[in-house]
Structure formats: C-alpha cells, structure tokens
Undergrad: 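The structure follows.
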Amino acid sequence: MAEVKVPELAESITEGTIASWLKQKGDHVEQGENILELETDKVNVEVISEESGVITELKAEEGDTVEVGQVIAIVDENGEGGGSSESASEEKNSDEDKSGESKETGKPEDKPSEDKKEEPSPSKESESESNDDRIVATPSARRLAREKGIDLSDINASDPRGLVRSQDVDNHSKQPAKQEEPKKEAPKSKSSDKPEKPVVREKLSRRRQTIAKKLLEVSQNTAMLTTFNEVDMTNVMALRKRKKDQFQDRHDGTRLGFMSFFTKASVAALRKYPAVNAEIDGEDLILKQFFDIGVAVSTEEGLVVPIVRDAERKTFANIESDIASLAKKAQDKKLGLDDMTGGSFTITNGGVFGSLMSTPIINGTQAAILGMHTIQKRPVAIDDDKMENRPMMYIALSYDHRIIDGKEAVGFLKTIKDLIENPEDLLLEG
C-alpha cells in the first residue's frame, strides 16, 4: 500500500483545502497522475500519485482542511481495490435477500413479518444518504452520525460556515428527544406565521478566507493612510493613440496599454522615494533594492496579485507582455507560487470596473499600494482665462505611516502625476 500525502507547497503555506477529488475510491491511477486539486492561500495545486494502482481509501473529503505531510489517500500498487471484501459482503447479503436462506445454514431465516415491514426501503436509504452527502461535515462527524443513526441535516453546526463536526453530533445525541415534541404542539404565534426569508448558505473558499484574513491583518497591524491626486491623461492617451498600431506590429501583437506607463512611473518614483519600496520586519526596516511590481488581477475566486519581476530592466513591451500572460494564467487558474510571491510594490486598477475613487488596502507586508481609477472628462483650468474638458484620472496612494511620512507619500504621488502627464520623460528614466 502506498500513501498519498499533501506535498510541501511553499515556506509560508502549511495547509490547504481539498477543492475536488479528480479520482474516486476504486479508480485506477497511473504514477504521476493527478488525483485531487488542493486550494491553498495563494494558488490551486494538483496533487499526484507517486505509485500506479487502485485507490482503496480516501481519508479526507472535499472541503476538508489538510496539512502538509498529512495522508489523504491510500493506493494499492497490486491493483486490487480495497472494496473487494465489501462487494463480496454485498453479494452475500443480496443472495440471502433473494432466497431467504443463509449460505452458512442453508435454512430459511426465521424472521417475523413485522420486522420486515419496519426495515427501510432501499429508495429511502439512498435518499437519506443523498441528503447527508449534501451536508458539509468532517469525515469523523459523518462516521459518528452513521453509528448513532442521526440524520446530518438535523444537526445544528456550531461552525459559522455550517461545517458539522464530531462534537456537534455528540451534542445532538445528548439532547433529550422530548424537546422536539413541544414544538409541534405549541400554538403558533403571529411571528411564526410569517414565512421564512430565503437564504443561501455557501462555504467561503479558502482563497476568500485568506483574502479576508490578510486584509484584516493589514488594517489592524499598519498605520494606513491614503493620499490622492489627479492626473491629466491627455498626453499619454495621445501618445498611445499615435503609437499603438506600430507598437503592436513591432511586438508580435502585444497591445500598448496604460499599465506599462504606470509601472514605469512607479519604478521611477520608488527610486526617488525608497521608503515606499520598504517593509518592517520586527524592529528592522528592510529597504528593497529591487523592483518587483505586483499587478492586481480580478478572478472568479477573488483578487490575486501576480508579480512583474525586475520591472526596472524591462521595456514597455516586456511589461505589457508579462501583464497579459499573468492575467491569462490567473483566469485559467494556472498561476504558480513563483508568480505570486516576493513583490515589493503593488498597483491596482479599479478603473476597469468604473471606480471613480477608492482607498486601496496595502498588500501584505508592503509599505504602499497605488490605486488607478476610471478616466473621466472634467473641466480643467488650463490658464487664468481658459477652461477645457480633459480626460482626468484620480490616483490614490495608501501607505503605512510607520514607514512613510506624509511628505514622502505626497511627493511620490506627485512624481507619478508628473511622469504620466509628460510620458516622454519616462524614456529618460531608463
């Protein structure tokens, strides 16, 4: 027998949630074949079988949290499924049911007809099992409920997510049966006549739980402030319009967007204000000498932040190509741990969803995050006697005030503004 264990994932990841079993008990697997998908804090990981054979046991169910090194399945290398003895027992019982005889004695079983009437029909049993399967519960809770003859749907889960645990089954079994009788006989009050409001209870995905946890940690553990400015996008939009076709032809279809301009401007501003590219580690301040820029990408499962590595060394085309590739990998759930770790500064663009202004939350242990917003035409004073409608964008910098003073934060955002409004200057930044 070979054990399938949760593999080492990354230094910061110690557990995950089983998103789905790709193989079931009794299925044959080849060496190196994927048998389940594991959802971690950052990415989904497919776990393989180290041996060829038949899966004889699944030690965890979908939705269960498992730790690195934990045994989650058993594979029989000889190809003999662990369900052989069970199937033999089922065949034996089936033969007894059909003939009414025991194979050991050869005599008809002497069972009162009343007993037979009390036995649940197969359809009712399968219906009960189907209902239990829809309840989110730990394997130990399911086993205990079967032993005690308790329907999982009757158990009130103490877990706010609705996960039934073994202690919930124990607590339910200790409740006296008399408690249910008064409910049926009690007169209905006016409030009980009102129909219950329909709700849908869904378990939070592991990624959504992690996002919530990380954002709460940032808000509790940093002195976060946000400063704002606005950028006149006239010149960068005109430059993009003039050069986009030539750019796309020269760089194999890569499109020229706004993200490369803001990434380049961020690198220049980070060089000018190094504290924005820092983080606190205990009583130490770590000033990063590299520029790995995280770009927030929205997916069905939540926001992820893949990293554009060494942005200071890359051309506009390189940056646009990297962003497009990472965004596609995010949508296809193909991001690896290397794509997600080690960023020094983050850019998020709420403008693609129409956001006019927001206060983005700092990503992890970083010192700041830049928020881009939708471009909207607004009247702007060009000089003392002239007003024009210009395409304007509000930009925001949320920063950790423990590291960055207000003067630095305002100066950083002003640098971004100046470079975007004069995009030719970005070429001089290298």
Side-chain angles (χ1 to χ4, degrees), residues 17-18 20-21 24-27 36 55-66 70-74 81-105 107-186 188 192 196 198-203:
T17 299
I18 295 179
S20 63
W21 282 102
Q24 299 298 324
K25 181 179 177 181
D27 289 351
L36 79 148
I55 297 177
T56 60
E57 185 177 2
L58 301 180
K59 290 183 171 290
E61 300 183 4
E62 292 182 2
D64 286 354
T65 297
V66 291
Q70 180 177 335
V71 178
I72 50 178
I74 301 295
S84 58
S85 61
E86 294 178 5
S87 60
S89 175
E90 289 174 3
E91 290 176 2
K92 178 180 177 182
N93 293 337
S94 177
D95 292 340
E96 290 177 358
D97 291 342
K98 291 177 182 178
S99 63
E101 298 180 356
S102 169
K103 290 188 177 181
E104 294 180 359
T105 62
K107 296 179 182 180
E109 293 189 7
D110 188 13
K111 292 185 178 179
S113 58
E114 293 180 0
D115 293 344
K116 293 182 180 179
K117 291 180 181 179
E118 293 177 0
E119 292 180 359
S121 65
S123 61
K124 290 183 179 179
E125 288 182 357
S126 60
E127 183 180 348
S128 175
E129 291 174 2
S130 176
N131 290 337
D132 283 354
D133 288 341
R134 288 194 290 267
I135 305 297
V136 182
T138 63
S140 59
R142 291 184 184 278
R143 183 169 56 253
L144 188 59
R146 285 195 298 268
E147 292 173 357
K148 293 180 177 290
I150 298 174
D151 190 339
L152 285 174
S153 62
D154 294 335
I155 298 173
N156 292 324
S158 58
D159 191 298
R161 299 168 297 173
L163 177 67
V164 178
R165 302 183 184 276
S166 56
Q167 56 263 37
D168 297 325
V169 180
D170 281 331
N171 293 337
H172 181 84
S173 63
K174 293 175 183 177
Q175 294 177 359
K178 294 180 180 179
Q179 291 182 355
E180 296 181 359
E181 296 178 1
K183 293 182 181 179
K184 298 178 182 178
E185 299 176 0
K188 292 183 179 180
S192 64
E196 292 185 2
V199 297
V200 177
R201 181 184 292 273
E202 294 182 353
K203 183 179 179 181

Undergrad: Only counting residues at least two apart or in another chain, list the ones meeting side chain to side chain contact (heavy atoms under 4.5 Å, CB included) with Glu147.
TA: Arg143, Leu144

Undergrad: So do Gln24 and Leu58 actually touch side chain to side chain, heavy atoms under 4.5 Å?
TA: yes

Undergrad: Looking only at heavy atoms, which two atoms of Lys25 and Glu57 are closest? And how far apart?
TA: CG-N, 4.5 Å

Undergrad: Distance check, rounded to the nearest 0.5 Å: Leu36 atom CG versus Ile72 atom CD1?
TA: 4.5 Å

Undergrad: Kindly give the heavy-atom pair with the smallest separation between Ala60 and Val66, and that separation in Å.
TA: CB-CG1, 4.0 Å

Undergrad: Would you give the length of the straight line joining atom CH2 of Trp21 to atom CG of Asp27, rounded to the nearest 0.5 angstrom?
TA: 11.0 Å

Undergrad: Work out which heavy atom in Thr65 is nearest to a heavy atom in Gln70; give both atom names and the distance.
TA: O-OE1, 4.5 Å

Undergrad: Please name the pair of heavy atoms, one in Ile74 and one in Val71, separated by the smallest distance, quoted to 0.1 Å.
TA: CD1-CG1, 4.1 Å

Undergrad: State which residue, out of Ile150, Asp151, Ile155, fulfils the side chain to side chain contact (heavy atoms under 4.5 Å, CB included) condition with Ser153.
TA: Asp151

